[in-house]
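Each remark here refers to the structure printed beneath this line.
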There are 2 protein chains.
Amino acid sequence: MKPRTRNGQDLLTPAAVVDRALMLADAEGLGAVTIRRLAHELDVTPMALYWHFASKEELLDAMADGLLTEMLAIAGPVETVPAGPWRQQLAALLDAQCTVLRAHPSVAPLVWTRNNLSDAALRLTERMLAVLRRAGFSPTDATRIARRAARMTTALVAVRAQFVDGDGDPDRVRDRLSALPIDEFPRVVEAAVALSGCDGPDEHYGLELVLAGIEAEAARLTPFSEPNPPPTPDRAPPQP
Amino acid sequence: MKPRTRNGQDLLTPAAVVDRALMLADAEGLGAVTIRRLAHELDVTPMALYWHFASKEELLDAMADGLLTEMLAIAGPVETVPAGPWRQQLAALLDAQCTVLRAHPSVAPLVWTRNNLSDAALRLTERMLAVLRRAGFSPTDATRIARRAARMTTALVAVRAQFVDGDGDPDRVRDRLSALPIDEFPRVVEAAVALSGCDGPDEHYGLELVLAGIEAEAARLTPFSEPNPPPTPDRAPPQP
DNA sequence: ACCTGAACACCGTTCAAGT
DNA sequence: ACCTGAACACCGTTCAAGT
């Protein structure tokens, strides 16, 4: 099935390069994704990659788009969106994004930061907007919220991925915090244990925070409150 | 006032290096902050910097800490924290962070991603925790929320800073979006104008979203609701 | 069409040496 | 104590050349 050249060598395809790049990023971080390193991994000259990608930037774009495509696969086709309350639909969409991002944490910073007019990006945007419009938001507000929600989700994962802990093991950190002057840092000392622990896999917690914010926004903007949103017709202006 | 060596040359100090590095980052992005470039800017050999910083990583840490120090200066001493409702106090703290981050957007990704046990970091943490504890959160919850809030704030600015727009001017983007098949992308087409505009300086909007989320969390966790939080004594367990 | 080879202007960092 | 100089193993990218 793979294309082969006459001397038995596998041909290089953009998709194969992106796959390899994602694997490299997952294994050793985005910093390891280097034109030269990647070429070596693919048994090819560095400059070979420049036939398929105009620049490294373009390769990074393709990697980001790879994640968007994965998200789309998880989210399923448009018709898949269940008829439940919009909060759940929104949560499901954000959860799908979160799942993919967590699988490729070092690539997360690249997602939704380049402007994505790719097919996958547009389809994901369409789904987000559909849910928010159904929730009663105007196109403008839906856009702002969709953008915020998507970026916040990536940020939640990305920030955690970029985290480097310089000061070694948690026990030493806790001890240092506990030893602080209690009159100057009463709250820090009190929370030394919590502060020294890494915060666990709770992007979920962060997502809930974002969702709660959106819900509060929704309550402020729309006259009704869930459940049973009024019958907002698909394209016509709101009810008379 | 500046230290000088006998041949009339300014002596290199860590603070001077960090200042210069921040200026460089603000002017040309974090990517321009290079040991060699920075050394050139300071009229010094690249290796001179290695006397003051063990590695580039350590220099980046120092830059991040520079921002934390600026935040602390804006936030003022602990006693400055007004007696108002905790939402406002929290908003003020996050606003201060946002202000500083917006002044150095390209450095934002570095803030709160290395573990900060520096003086500035600890003092900022103390303030955050104090506000959240007064709001009725337990030390553990206060820690989680403080972390989330701080990271989200930096993420809001950082993601925007990392944004690279590849597809040129907004008009062309809008046209492309409007030209999409309307049966496949009804919501995108509908929101073409909103989607093609860059989203303006509304980290403020994002902050409100975060705050709304925290308030919702607070309402869920504490039996009372603002204003007039119960007299939570400073260190003793909650009221009988 | 697809890939190689040599070359250029950059990186961070080490190690020995100067003052 | 504070800085220089030469060197090493890396970068992304261009340009001419091979098949």
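Only this structure's heavy atoms are used, side chains among them; waters, hydrogens and symmetry mates stay out. Naming: A, B, ... by sequence-line order, numbering from 1 per chain. Computed from a prediction, not measured in an experiment: that's the story for all the values here.
- No salt bridge links R172(A) with D175(A); every basic N to acidic carboxylate O contact stays at or beyond 4.0 Å.
- If you measure from atom CZ of F53(A) to atom C1' of dT13(D), you get 16 Å, rounded to the nearest angstrom.
- Residues H52(B) and E58(B) have side chains that never bring a donor and an acceptor to within less than 3.5 angstrom of each other.
- Checked by atom type and distance alone, the side chain of S106(B) pairs as donor or acceptor with a backbone atom of A25(B) at under 3.5 Å.
- Using a 4.0 Å cut-off, no side-chain N or O of H52(B) falls inside it from OP1 or OP2 of dA1(D).
- The side chain of W51(A) places an N or O atom within less than 4.0 Å of a non-bridging phosphate oxygen (OP1 or OP2) of dC2(C).
- The backbone N or O of T140(A) sits nowhere less than 3.5 Å from a side-chain atom of R144(A) that would complete a donor-acceptor pair.
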Taking only nitrogen or oxygen atoms into account, show me every contact under 3.5 Å that the protein makes with nucleotides 7-11 of chain D, one pair per line with its distance.
residue, atom, partner, partner atom, Å
dC11(D), N4, R36(A), NH1, 3.4

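- Here the shortest heavy-atom pairing between L132(B) and A142(B) reads CD1-O, 3.4 Å.
- Taking a pair as Watson-Crick or G-U wobble with both distances under 3.5 Å, the runs of three or more consecutive pairs in DNA chain C are C:4-8 with D:12-16, C:12-16 with D:4-8.
- Within residues 15-28 of chain A, no residue has a heavy atom under 4.0 Å from DNA chain D.
- We find that CD of E58(A) is positioned 15 Å from P of dG12(D), with the value rounded to whole Å.
- Checking T69(A), D61(A), D65(A) one by one against S118(A), the side-chain hydrogen bond (donor to acceptor under 3.5 Å, both in side chains) holds for a single residue, D65(A).
- Side-chain atoms of R127(B) come within 3.5 Å of backbone atoms of R123(B) as a donor-acceptor pair (strictly under, hydrogens ignored).
- Atoms CG (L38(B)) and C1' (dG12(C)) sit 13 Å apart, rounded to a whole Å.
- D43(A) has its CG atom 13 Å from the P atom of dC3(C), to the nearest Å.
- Remark: side-chain polar atoms of N116(B) are paired, donor with acceptor, to backbone N or O of R114(B) under 3.5 angstrom.
- The separation between L59(B) atom CG and dG12(C) atom P is 10 Å, rounded to whole Å.
- Nearest to the side-chain atoms of Y50(A) among the listed nucleotides dT13(C), dC3(C), dG12(D) stands dG12(D).
- Salt bridge E190(A)/R187(A): present, at least one basic N to carboxylate O contact under 4.0 Å.
- The listed nucleotides are dT13(D), dC2(C), dT4(C); the one nearest the side chain of L11(A) is dC2(C).
- Residues E126(A) and P186(B) approach most closely at OE2-CD, 3.0 Å, considering heavy atoms.
- A donor-acceptor contact shorter than 3.5 Å links the side chain of T13(A) to the backbone of A16(A).
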